Amino acid sequence: SVLASGSNPVKETLEIIGKLKGGKFTTIRLEALTHESHTAKSLARSNNGNAVLTEFVAEISPIGQPDKKEKIVFKRATAEHEQKDGDFRIVNAIDGKQDTGWAVEGHSRRENCEAVFVAAKPFGFPDGAELHCRLDFQTKFSQHHFGRVRLAVSQTVAPPAAETRIELGDWYSVGTF
């Protein structure tokens with residue numbers, strides 16, 4: 001996992017780059033993890049323990065060829081929990097808008113949370129790839145960003161239809177962190 005440290009800005013963008021083995025992947029899992037250094041041991045760095053992810057963006061490039069980055073388009077996103085008061089659904093994190101987002105009720109719910117992003121088409125390269133993920137926290141709510149995250153990818157062959165719960169196969173850690 002990656003733990004944020006240092007200054008805690010009003011708005012934040014986290015960029016995580018990880019290496020993947022060769023092959024094709026269909027999903028990315030984002031885990032927001034609690035930590036003892038966060039407010040009330042929550043998963044966020046805000047003063048109330050909540051976070052709002054305004055955008056989740058991913059790009060992929062062959063190993064050693066960052067100039068050949070391709071954007072990964074997501075057709076679906078699901079989360080194990082979404083904040084109920086307001087429009088804070090996970091789909092808001094892939095809508096291309098910085099004024100919407102996914103919130104996790106960290107102000108009252110002190111537990112890890114995960115989201116799964118399903119790509120419109122498989123991504124990756126035969127000899128390995130670099131996965132570039134950007135997590136934007138550009139909400140009007142001050143310092144509402146995750147303080148500790150972990151990413152993983154899956155090679156599930158056929159992503160499920162929108163009506164079914166996502167059941168995935170093996171997960172592969174991204175990077176060496």
Side-chain angles (χ1 to χ4, degrees), residues 1-33 35 43-45 51-79 89-104 113-140 143-160 162 166 168-177:
S1 67
V2 176
L3 177 64
S5 61
S7 67
N8 192 12
V10 172
K11 296 178 187 269
E12 178 73 284
T13 296
L14 301 178
E15 294 187 36
I16 301 171
I17 301 170
K19 294 188 189 235
L20 302 177
K21 68 178 188 173
K24 293 289 186 179
F25 302 90
T26 57
T27 51
I28 300 175
R29 179 178 66 198
L30 167 66
E31 293 175 274
L33 305 169
H35 194 265
L43 48 71
R45 298 180 77 197
V52 182
L53 176 67
T54 56
E55 281 300 303
F56 181 80
V57 178
E59 296 175 310
I60 191 101
S61 65
I63 294 285
Q65 299 179 44
D67 56 321
K68 294 193 176 182
K69 258 191 244 177
E70 299 173 5
K71 183 175 182 180
I72 299 170
V73 176
F74 297 108
K75 69 176 183 179
R76 181 170 176 227
T78 64
R89 298 169 299 142
I90 185 61
V91 295
N92 293 339
I94 58 170
D95 67 1
K97 302 174 188 173
Q98 292 290 353
D99 61 344
T100 63
W102 171 51
V104 295
C113 197
E114 73 176 45
V116 174
F117 300 91
V118 180
K121 65 179 188 173
F123 57 91
F125 297 94
D127 296 326
E130 283 187 352
L131 178 65
H132 301 251
C133 292
R134 189 183 82 225
L135 288 70
D136 287 331
F137 302 92
Q138 304 300 313
T139 179
K140 64 183 179 181
Q143 300 178 321
H144 274 53
H145 28 87
F146 297 137
R148 183 175 167 220
V149 297
R150 179 170 43 216
L151 295 170
V153 295
S154 178
Q155 292 180 316
T156 301
V157 177
I166 294 179
L168 301 169
D170 295 332
W171 287 98
Y172 303 93
S173 292
V174 175
T176 58
F177 38 83

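No experiment lies behind these values; they were computed from the predicted model shown.
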* To do: Could you list the residues that satisfy ring pair (Phe, Tyr, Trp, His ring centres under 6.0 Å) with F125, not counting sequence neighbours?
  => none
Enter the distance from [X]:[atom1] to [Y]:[atom2] here, rounded to the nearest 0.5 Å.
X: I90; Y: C113; atom1: CD1; atom2: SG; answer: 8.0 Å
X: L43; Y: E114; atom1: CG; atom2: CD; answer: 12.5 Å
X: F25; Y: L131; atom1: CZ; atom2: CG; answer: 9.0 Å

Shortest non-hydrogen separation from [X] to [Y] and the atoms involved:
X: I28; Y: A58; result: CD1-CB, 3.8 Å
X: I16; Y: V149; result: CD1-CG2, 3.6 Å
X: V91; Y: A77; result: CG1-O, 4.1 Å
X: F123; Y: L20; result: CE1-CD1, 4.5 Å
X: K24; Y: P122; result: CB-CB, 4.0 Å
X: L135; Y: L53; result: CB-CD1, 3.8 Å

With sequence neighbours excluded, tell me which residues meet side-chain contact (heavy atoms from CB on, under 4.5 Å) with [X].
X: K140; value: none
X: A4; value: R45
X: L33; value: S1, E31, N112, R148, R150

* To do: Please state whether the rings of F146 and W102 are parallel, tilted or perpendicular, taking 30° and 60° as the class boundaries.
  => perpendicular
Counting C-beta onward and ignoring hydrogens, is there a side-chain heavy-atom pair between [X] and [Y] closer than 4.5 Å?
X: H35; Y: L3; result: yes
X: N8; Y: H145; result: yes
X: V2; Y: L151; result: no

Pairs flagged by salt bridge (charged side-chain N to carboxylate O under 4.0 Å, His left out) wherever [range] is involved - sequence neighbours left out:
range: residues 51-60; answer: E59-K69
range: residues 1-16; answer: none
range: residues 116-136; answer: K19-E130, R134-D136

* To do: Using modelled atom types only, decide if a donor and an acceptor are shared between the side chain of H132 and the backbone of P66 within a distance under 3.5 Å.
  => no
By side chain to side chain donor-acceptor pair (under 3.5 Å) - contacts of [X] (at least two apart):
X: S61; result: none
X: T54; result: Q98
X: K68; result: Q65

* How would you list, by chain and number, every residue that makes a salt bridge (Lys or Arg N to Asp or Glu O under 4.0 Å) with R89, sequence neighbours excluded? -> D87
* To do: In sequence, state the C-alpha distance, the side-chain angles, and the governing distance for R76 and I94, and then conclude on side chain to side chain contact (heavy atoms under 4.5 Å, CB included).
  => CA-CA 8 Å; R76 181 170 176 227; I94 58 170; 5.9 Å; no
